[in-house]
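The figures that follow rest on heavy atoms only: side chains count, while hydrogens, waters and symmetry mates do not. Not measured: the values here are computed from a predicted model. Note that ligands are numbered from 1 as they come in the structure, with each ligand's atoms numbered from 1 the same way.
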Amino acid sequence: MRTRPADDRLPYHEDPTPGSGTLPPRAWYAASDAARLSLDGTWAFRLTAAADGTGAAFTGDDPDGTATAGWDAITVPGHWVLQGHGAPAYTNVNYPFPVDPPRVPSENPTGDHRRVFDLLGDWPDGGDSVLRFEGVESCARVWLNGEELGTFQGSRLPHEFAVGRLLRPRGNVLAVRVHQWSAGSYLEDQDMWWLPGIFRDVTLLHRPAGSPADFSVHAGYDHTTGEGTLRVDCEPAGRVTVPELGLDLATGEEITVPVEPWTAETPRLYDAVLATDGERVPLRVGFRTVRVEDGVFKANGRRVLFRGVNRHEFHPERGRALDMETMRQDILLMKRHNINAVRTSHYPPHPAFLDLCDELGLWVVDECDLETHGFTSFEGWRGNPVADPRFTPALLDRARRMVERDKNHPSVVVWSLGNECGAGTGLSAMAAWIRERDPSRPLHYENDPSCPDSDFYSRMYASHEEVELIGRRAEEPLGDPLADARRRSLPFVLCEYAHAMGNGPGGLAEYQRLFETYERLQGGFVWEWIDHGLPRVTPEGRPYWAYGGDFGEELHDGNFVCDGLLFPDRTPSPGLVEYKKVVEPVRITVDAAAGTVRVTNGHDFRDLAHLAFGWRHEVEGVAVASGTLAVPALAPGDSAYVPLPPAPATELAGEPVWTVTAALADDTLWAPAGHTVAWAQATAPAAPRPAATGTAHAPSRDADGIRLGAARFDPRTGTLLALGGLALRQGPRLDLWRAPTDNDLGADWQDDVRHAPLWRQVGLHRLQHRVEAVDAAGDAAGDALLVRARVAPAASDLGLFAEYRWTAVGDELLLAVTVTPDGGAWPCTLPRVGLRLGLPGAYGDATWFGGGPGEAYPDSRAASVTGRYAMPVDALQTPYVRPQENGARAGVRWAELRAAGGAGLRIAAGDDPFWFTARRWTSEQLDAAEHTTDLVPGDTVWVNIDHAQHGLGSQSCGPGPLPRHRLEVAPAAFSFRFSALGGPAA
Ligand code: IPT
């Protein structure tokens, strides 16, 4: 590494050491009786291209605003690139500037922000006042009334200045110069949009004489006695009252009393007040103790299973400037989807978010604002700031600002040093400081394999196989036996897994089974919570979500920024619905034959008294009867069998389905009574399908082609042309292709087999159908139309024989297909095996009996509920930000597609339920689209009825589908029954 003798002459924004003029960090609290003035709102703004900004005039004491006359207005909190100045840019790992720490480009977008404010009429005398910035990206220099206050870096952390001596009743001039790039940018290489600006609140706070300089709430819980111990340290001293507990104690004094503990499942908070001579601060105290004990992370003496997500702060219009409503919405959505933990990837969130976590109940891994991932591109992470002593003071500053700000939240149970920084002494310095300052919480860091600074063995995207080994504490040893022994003794978390990019993730259920089997495996955090898509419109005004590269970035990582369980507008994706089911905290198994339901309480702390159980009986998706189920208030971990009522009598014929649900018995803060927490179904063993009744027809040739019952076929190709009054756009034929998902494509750094690139290499996206025989003479098995084809791509000797055996009985047309691979060894799996057919565009209403309401795939189908559903074809689509395979419904017994008048086509399963997909564009069009607006409905409804689908996996950043969910090339046989549905007029 070069050393730069000139470092001491670096301008402040390139100086890696913490800024100047700020106050020591302290605890954040939402409110107190001290005056405060929000400076959020409209500010004057001008963007310039270099760090000089608009020059000196802007910084002056100029209440009339001559210096900023004619400037634009900007909303604070906000990012200028989302308000019409400059553009956002997305990179994952790469720094979007030459890597030469701590120097940054001369082209350094700089936003001068200026606001003039009056004090409230009654702004108190005495004491001091501080100006507090909750978050500015990436570096700021601040002037008040013409005097420079100082500078700071550390975007997602608070910074305060003492300003009392400068304030006047009217016309205070606050000038803030914000640089997009600074030495701090080297520490902020998180996988997200680069979004400069004053993006969190700016507040003026009165600090009366005798107000707490800082305070620390220590509220532990002893599960062996049921007692909580409270001590509040505060400078200057004061008193703490907790009315509900009858407590009134001095600060520094410790008291032990019986309490109800805080957990994420039971977020019990006690209102309290900390009163010093100068200020009364309302507190909400949650009593809990967390520690790693016997290799297991425990809260209040019990092992905790993290059912977590990684949460970036993101709002499609406001970027990382989140309002309270959005923060609350995130938590409500998490709670309603059985999520119990958040890793604040990869920076401390808005401080109010943690209040909401305290209140609504989430375990929080609070992560420092730190990532230096871009250095991974250099041999041995050359130049990595966490191994560069020049940056150590900044790293310590960041650790301090996080811990001091967030230390009083019961929800924060783990401190995380940062993300993807490799290894370095700077990290150890942070860890040492945090351990000393707050021994009450364990530390987390993932990216140093020997875990010297972590109390968890933490990994990202490890395969099921490896996770299982780790669960058995039988993982591959580290070279150093001491380090290995230490790591082997640690509890394990997957700080990231199940990459939720596009369609996926698959394999969640299998991970969850491992977490539930091995004590050491304490769950994980899905990557990630929300897609960071930004709204745009086409020139014709059609809206879509933009991703990396859509803003003319020189370097970018495309749609890797859209890998969340929520769409950018916070609509839950199928992946989130699947996650909710997989992590449900009650396991229900319905045994219809035995007439029993087994219920296991999978909560870590709560019994089941808060849930109401119910049953429902349906026949082929039609409700027959329902009732309640008495389930004992099982303790965590306990199971019981409860009887099902006898099957209700019904005239209805068809497949009976039992559904048992566990729902909230009463309203909670996060969902109303009746909200379903867990469920299970029992479908009857596949009922023998009723034999088709009616006359068997024989095929015949005439001038119009081949006839078979109500069907007409092309005499040359043997393709079904029409059935009754329905003329098909394309008769059913073998289809293997699907528009690759992000997970099918895999990540380009992976050595493992990546499925979609192989599919394309083999040519599965351009299969030709060569018809070998159309035989209407029947076969030994009866009167059948036999069609034989070889389906294969150009330039390859690989192919598949497809034999279609058509028969007709009564009004039904039966098709049995056999598929036989031909050629040598296939180097790839298959996307799907089934049939594709095209119907006239009018056949746009789907009804089916099978899995729904949402899509499902082989390794993501736990949430698929067997029932009867009806929706327009347009509603069957899942609008992934980058279009790709979507919308399959699992386990379908029959599906109908109808036109407005009622005429339609019914497709019923032959021997096995099938996968049903329908859309107004082809798989090839879906494959070609880059944004949702590239998909234009055509005049055909394309229907796929699949015997098999390849799994989803998580290979856009992790492992592909598990072997049993891979669709291998092999002989297959499947069948369907088609019938034309007459409309009222037909
Ligand atoms: C991992 C990062 O920690 C996370 O921020 C995000 O980029 C994620 O990947 C992918 O979306 S790092 C990865 C290279 C294993």
Side-chain angles (χ1 to χ4, degrees), residues 89-96 155-156 187-195 308-314 320 342-349 365 367-378 381 384 386 416-423 427 444-449 454 456 458-463 466-467 493-505 524-533 547-548 555-566 568 573 575 741-743 745-752 754 880-882 952-960:
Y90 167 57
T91 58
N92 170 14
V93 175
N94 285 318
Y95 289 99
S155 300
R156 273 70 62 168
L187 305 179
E188 297 176 2
D189 190 28
Q190 292 94 339
D191 175 11
M192 60 191 193
W193 295 102
W194 295 94
L195 298 176
V309 286
N310 279 280
R311 175 180 178 271
H312 266 288
E313 295 187 307
F314 184 74
R320 287 188 284 277
V342 174
R343 173 176 177 231
T344 70
S345 54
H346 304 301
Y347 42 82
V365 176
E367 189 153 275
C368 199
D369 189 3
L370 179 60
E371 172 159 341
T372 64
H373 204 170
F375 288 85
T376 191
S377 313
F378 315 129
W381 287 72
N384 187 1
V386 305
S416 179
L417 300 181
N419 184 57
E420 290 280 4
C421 293
L427 292 168
H444 168 269
Y445 181 65
E446 179 273 343
N447 210 214
D448 185 338
S454 181
F456 291 87
S458 172
R459 290 284 303 281
M460 38 175 82
Y461 309 106
S463 68
E466 190 183 359
V467 170
V493 288
L494 278 167
C495 69
E496 294 177 22
Y497 80 118
H499 200 247
M501 184 178 182
N503 190 347
F525 300 80
V526 166
W527 186 269
E528 68 174 305
W529 176 235
I530 184 168
D531 286 342
H532 312 203
Y547 49 77
L555 292 177
H556 67 82
D557 290 290
N559 67 317
F560 209 66
V561 78
C562 293
D563 52 3
L565 294 171
L566 296 180
S573 75
T741 65
D742 295 310
N743 286 316
L745 291 167
D748 50 16
W749 68 78
Q750 285 168 337
D751 308 327
D752 288 1
R754 293 162 54 209
Y880 291 111
V881 170
R882 188 191 71 79
L952 297 174
S954 180
Q955 211 177 349
S956 51
C957 192

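Here the CD atom belonging to E367 is positioned 13.5 Å from the CZ atom belonging to R311, to the nearest 0.5 angstrom. Note that CG of D748 is 11.5 Å distant from OG of S956, once rounded to the nearest 0.5 Å. Atom OG in S416 sits 10.0 Å away from atom CZ in F456 (nearest 0.5 Å).
When only interatomic distances are considered, the shortest N/O to N/O separation between E496 and ligand 1 falls below 3.5 Å. Among the atoms of D563, some N or O lies under 3.5 angstrom from an N or O of ligand 1.
Remark: the backbone N or O of D563 is paired with a side-chain donor or acceptor of D531 at under 3.5 angstrom. Checking side-chain atoms of D557 against main-chain N and O of N92 turns up a donor-acceptor pair under 3.5 Å.
Among protein heavy atoms, atom 12 (S) of ligand 1 sits closest to E420 OE2, 2.9 Å. Distance from atom 6 (C) of ligand 1 to its nearest protein heavy atom, with residue and atom name: D191 OD2, 3.1 Å. Annotation: atom 11 (O) of ligand 1 to nearest protein heavy atom, H499 NE2, 2.7 Å. Scanning all protein heavy atoms for the shortest distance to atom 5 (O) of ligand 1 gives H346 NE2, 2.7 Å. Looking from atom 13 (C) of ligand 1 to the surrounding protein, the closest heavy atom is C957 SG, 3.8 Å. Looking only at heavy atoms of the protein, atom 8 (C) of ligand 1 is closest to Y461 OH, 3.3 Å.
Below 4.0 Å from some heavy atom of M460 lie the following atoms of ligand 1, by number and element: 1 (C), 3 (O), 12 (S), 15 (C). In the vicinity of F560, heavy-atom distances shorter than 4.0 Å reach the ligand 1 atoms 10 (C), 11 (O). Which parts of ligand 1 touch N419 is read off a 4.0 Å heavy-atom cut-off, strictly below it: atoms 2 (C), 3 (O), 5 (O). Shown in contact with N92 at under 4.0 Å from a heavy atom are these atoms of ligand 1, numbered in order with element: 7 (O).
Residue contact check for ligand 1: H373 places a non-hydrogen atom closer than 4.0 Å to it.
When the options H346, E420, H373, R156 are evaluated for a side chain to side chain donor-acceptor pair (under 3.5 Å) with Q190, the one that passes is R156.
A donor-acceptor contact closer than 3.5 angstrom is absent between the side chains of N743 and S954.
Aromatic rings of W194 and H532 (six-membered ring for Trp) have centroids beyond the 6.0 Å cut-off, not under it.
Taking the six-membered ring where the residue is Trp, H312 and Y347 present tilted rings, their angle falling between 30° and 60°.
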